[in-house]
Number of protein chains: 2
Amino acid sequence: MDILFQPFLNHFSKNLPLSDGTKAEICIYLSILNLNKKHVLINENQRHDFAYFVIKGAVRSFYLKDGIEVNTWFALENDMVGSLQNFNDNPSRETMELVENSTLIAINIKKIKPLMLSNIQIANFINAIIEEYALFLEDKIYFSQMMNSIDKYLTLVDKQPQLLQRIPLTYIASFLGITRETLSRLRAK
Amino acid sequence: MDILFQPFLNHFSKNLPLSDGTKAEICIYLSILNLNKKHVLINENQRHDFAYFVIKGAVRSFYLKDGIEVNTWFALENDMVGSLQNFNDNPSRETMELVENSTLIAINIKKIKPLMLSNIQIANFINAIIEEYALFLEDKIYFSQMMNSIDKYLTLVDKQPQLLQRIPLTYIASFLGITRETLSRLRAK
DNA sequence: GATTTCATTTGACATATATCACAAAATCAT
DNA sequence: ATGATTTTGTGATATATGTCAAATGAAATC
């Protein structure tokens, strides 16, 4: 088993039993990818069987709205990349693209999910992934509704400073739901 | 077992085996509630061990922002009511209140969740609930980001006409992220 | 059925942000 | 290094939506 798989397995089995046998079973459907900046993992409107885990690097997700890119989230080290849409046979709503040269784990969710019905450890492992994802989505919604643009930016500065160092402001602006001009003006204060 | 539990059990076990024994095990932690309009299920900033399933009626969820109620979602028949925050020992961010006299199933999530580690059917059942919830959140985010106010309203008219008949426009407006005055003007067209 | 309470609509004005246009700075590639 | 591309910043104006205030309409309560 590749040692690079460990952070992923550990991250989602903190309070769960995960035997060596089960780990091995999961690892069959994992693989390491080394990809360059601008590489596209998932294309808008296409179907995909994979989710990804960021070992090193940065990924962004966006969709096109009237020809303009709307960035929806960014993933850095130890974050997951993917969308539940993809694992329910719907085409992806978003394009997911590398912002930096990155090392990722590709996870064949389509093949792992059926194992949930027969292996209780895998069921709990997958559940941990989805639950963390749902919590992330709840946070995202609360964050976007509850705050005005300035406070959203300040929260980002406070909670995710790495994001501001590594992701262009143009992307950050559309993530915050404002134009890059407006973000530039907010920063001037 | 109360016959009213059936819709809930069936809804989340469509593609899952769920033995009579497991059903009985789950039902220990379910109970039927008949409550009146305006009854508060969950209070903002308080901790709760329960999620709910709407058999009949309507529920809304909102938080206070500068003293103004911001409505975040509405649940009708066969919808779940709750937040993952509550099941990770965080206080609720939102108040959940009945909009109509309702019949609900109260689900003691806190007591059911530990059973996931020993009962694979329960693990998959709970996973189905969380996965549907995460898909709901993905939709909600996409809907709120992708559309302007008019299109959001028209989508609601098209996809959830019952909501407009049963939920006051004041609540709908803040759900759409606009004031009731603005919604009123949009409707005038 | 009358009265109070709540929900919706309309008007006048203020404000934040978008849009368009362009300039400056930083980064990338040859 | 040097030119080309990308990223960020600034100005002038337009526009959608918010805010405050008041009137109308509907629903609940006694």
Name all residues meeting the ring-ring contact (aromatic ring centres under 6.0 Å, His included) criterion together with A/Tyr142; count only those two or more places apart in sequence or in a different chain, and write none if there are none.
-> B/Tyr63

What residues, two or more places apart in sequence or in another chain, satisfy salt bridge (charged side-chain N to carboxylate O under 4.0 Å, His left out) together with A/Glu69?
-> A/Arg60

Side chain to side chain donor-acceptor pair (under 3.5 Å) partners of residues 167-176 of chain B, not counting sequence neighbours, each pair once = B/Asn71-B/Ser174

Nucleotide by nucleotide, nucleotides 23-30 of chain C touches protein heavy atoms under 4.0 Å in the pattern (B base, S sugar-phosphate only, - none) -----S--

Would you indicate what B/Arg187 reaches in the nucleic acid, counting non-hydrogen atoms under 4.0 angstrom: base, sugar-phosphate, or nothing?
-> sugar-phosphate

ring-ring contact (aromatic ring centres under 6.0 Å, His included) filter on A/Tyr153, not counting sequence neighbours, yields none

Qualifying residues under salt bridge (charged side-chain N to carboxylate O under 4.0 Å, His left out), relative to B/Glu138, sequence neighbours excluded = none

Would you mind reading off the bend of the helix from C/dG1-D/dC30 to C/dT30-D/dA1 from its two end axes, five pairs each, to 10 degrees?
-> 60°

Contacting residues from residues 166-184 of chain B, given that a heavy atom lies under 4.0 angstrom of DNA chain D = B/Gly177, B/Ile178, B/Thr179, B/Glu181, B/Thr182

Which residue pairs pass the ring pair (Phe, Tyr, Trp, His ring centres under 6.0 Å) test when at least one of the two sits in residues 93-135 of chain A, sequence neighbours left out?
-> A/Phe8-A/Phe125

Residues in salt bridge (charged side-chain N to carboxylate O under 4.0 Å, His left out) contact with B/Asp49, at least two apart in sequence or another chain = B/Lys110

Determine which pairs satisfy side chain to side chain donor-acceptor pair (under 3.5 Å) with at least one residue from residues 156-169 of chain B, sequence neighbours left out, and list them in order.
-> B/Glu77-B/Arg166, B/Glu100-B/Arg166

Mind checking what makes salt bridge (charged side-chain N to carboxylate O under 4.0 Å, His left out) contact with B/Asp139, not counting sequence neighbours?
-> A/Arg93

